[in-house]
Q: 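This structure is in structure tokens; I'll ask about it shortly.
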Amino acid sequence: MIVKLWGTRGSLASPGPDTVRYGGNTSCVSVEGSKGTLLVLDAGTGIRVLGQSVSQDIERIHILFTHLHMDHVQGLPFFDPLRRPGVEIHIWGPANSTTSLENRLVRYLSPPLFPVRVRDLLSKLYFHELSDHKVEIGEFEITAQMVIHPNPTLGFRIAEDGATIAYLPDHEPALGNNEFPVNGEWTSGYKLAEGVDLLIHDSQYTTQEYDERIGFGHSSIFDSFRFAGEVSARELVPFHHDPGHSDDSIDQMILQTLTETHPGFTVTPGMEGIAFTL
Amino acid sequence: MYNEYAGNLNSEGIIVMDQRDIEVILARNLAEHLAMPIFIVNPFGDLLFYNEPAEVILGYRFDETGSMPASRWATIFQPVDPTGQPLAPSELPLVVATTERHPAHSRFSIKGLDERLRQIEVTAFPLIGQSDRFVGAMAIFWEV
């Protein structure tokens with residue numbers, strides 16, 4: 001599979017000269033399987049450029065939402081294949097006991113928040129709700145599981161031919177966990193990320209920032225490294241960078257954490273445009 | 001092989017813990033920060049956790065008892081009604097919350113490891129996650 005990062009920023013798009021290297025677009029990752037199945041993980045602003053690169057011949061695309069916070073849905077109406085007649089767009093997202101996934105997305109894709117309504121799109125939309133499920137999509141086996149983040153939020157484990165990735169862009173496993181990260185039984189996201197080849201994980205804050213924002217639903221980069229070590233991931237991609245962090249400050253955060261922790265896994269900072277072949 | 005209350009057994013017969021449901025993890029995290037005694041069980045009624053304030057009432061430290069099946073914890077604390085008659089497990093609020101999946105409240109007495117009889121009030125409720133996943137139950141109790 002080929003995993004490509006189209007948006008690595010968290011919370012709010014942050015274009016500008018200080019964010020050129022890591023990128024200013026919010027969360028979006030594509031995963032393309034060996035047989036051509038295309039998964040899109042979240043629809044942050046990064047999805048716009050992804051949409052322009054999708055083949056005109058594609059018949060079916062699967063968009064998997066971890067959750068419906070604005071930074072993860074804002075790019076959806078700008079995803080070009082949504083406007084292509086006949087293309088099947090399967091939208092997967094977290095179940096909620098009070099409102100369907102479709103209705104929750106329609107709230108955003110309708111006036112006054114957006115001028116175009118879902119029913120006016122030319123593609124064919126199909127909605128699928130997940131909580132703790134395993135599903136097969138094309139050549140992929142996907143495990144979805146609820147994780148710690150405000151409002152129902154999923155993490156994903158995606159496997160194909162023995163290669164595995166875990167995608168946990170918004171995740172605060174240390175919240176209230178006195179034993180973090182030494183007890184997998186009681187650690188959010190542990191089974192999703194256990195032993196994966198590639199772990200894309202929330203690394204939004206410095207340790208000092210995290211201390212001031214406990215409960216916001218995000219991790220410090222230090223906790224992200226500790227989580228990756230605990231689950232024995234082979235490679236960590238720090239992701240969901242804070243919109244207030246410049247390229248230089250992210251460099252500094254990663255360097256400092258590498259120096260402090262000497263991780264036994266590879267660390268590849270999440271940068272817009274980089275790809276991984278597994 | 002699966003051990004209902006503890007997890008899977010690997011090929012060497014060692015218990016390999018499954019990760020708990022997120023709602024149960026959050027419930028435990030909450031319990032660890034509250035000063036009220038709290039007891040958490042899985043969907044089978046098997047004990048998963050109780051917090052430090054509960055240890056004081058139950059007379060056992062959680063580290064000493066660990067997880068245990070419903071059949072054990074429902075009797076180990078020797079619950080008795082106001083007349084001193086032993087309570088059947090099915091009469092305990094947590095058992096009601098897990099078997100019937102609705103809240104339950106009751107007053108009864110228990111005897112902890114220290115052999116002291118304590119009268120307690122217990123309110124138990126099921127933990128139901130998204131997609132109607134029944135992931136366990138939680139009880140809050142007070143010594144009265």
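On a predicted model such as this, the values are computed, not experimentally measured, just so you know. Lettering follows sequence order; numbering is per chain, from 1.
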Q: In sequence, state the C-alpha distance, the side-chain angles, and the governing distance for N96(A) and Q130(B), and then conclude on side chain to side chain contact (heavy atoms under 4.5 Å, CB included).
A: CA-CA 6 Å; N96(A) 180 305; Q130(B) 300 297 339; 4.2 Å; yes
Q: Is it the backbone or the side chain of L26(B) that comes under 4.5 Å from a heavy atom of chain A, or both, or neither?
A: side chain
Q: Taking every heavy-atom pair that is under 4.5 Å apart, which of D132(A), L130(A), L192(A) has the most such pairs with chain B?
A: D132(A)
Q: Are more than 12 heavy atoms from other residues, nucleotides or ligands located less than 6.0 Å from atom CD of E212(A)?
A: yes
Q: Kindly give the heavy-atom pair with the smallest separation between I25(B) and S188(A), and that separation in Å.
A: CD1-N, 3.8 Å
Q: Look at the side chain of N29(B) and the backbone N and O of L175(A), then say whether any donor-acceptor pair between them is shorter than 3.5 Å.
A: yes
Q: Run W186(A) and L48(B) through side chain to side chain contact (heavy atoms under 4.5 Å, CB included) and show every step you take.
A: CA-CA 11 Å; W186(A) 291 97; L48(B) 296 181; 4.1 Å; yes
Q: Just to be sure I understand the criterion: a residue of residues 151-171 of chain A counts if one of its heavy atoms is under 4.5 Å from a heavy atom of chain B. Which ones qualify?
A: P152(A)
Q: Roughly how far, to the nearest 0.5 Å, is the CE atom of M146(A) from the CD atom of E23(B)?
A: 7.0 Å
Q: Does anything in residues 226-236 of chain A reach chain B? List residues with heavy atoms under 4.5 Å apart, or say none.
A: none
Q: Sort by residue number and list every residue of residues 135-144 of chain A having at least one heavy atom under 4.5 Å from chain B.
A: none
Q: Examine whether an atom of T98(A) lies under 4.5 Å from a heavy atom of chain B, and if so say whether it belongs to the side chain, the backbone or both; otherwise answer neither.
A: neither
Q: For residues 134-144 of chain B, give me every residue with a non-hydrogen atom less than 4.5 Å from any non-hydrogen atom of chain A.
A: none
Q: Which heavy-atom pair separates S131(A) from R133(B) by the least distance, and what is that distance?
A: OG-NE, 3.3 Å
Q: Please answer whether the main-chain N or O of Y190(A) pairs with a side-chain N or O of Q19(B) as donor and acceptor at a distance below 3.5 Å.
A: yes
Q: More than 12 heavy atoms of other residues, nucleotides or ligands under 6.0 Å from CG of D132(B): yes or no?
A: no
Q: Would you say Q78(B) has more than 12 foreign heavy atoms packed within less than 6.0 Å of its CD?
A: yes
Q: Can you list the steps and then say if E129(A) with S131(B) is a side chain to side chain contact (heavy atoms under 4.5 Å, CB included)?
A: CA-CA 8 Å; E129(A) 300 194 355; S131(B) 301; 5.8 Å; no
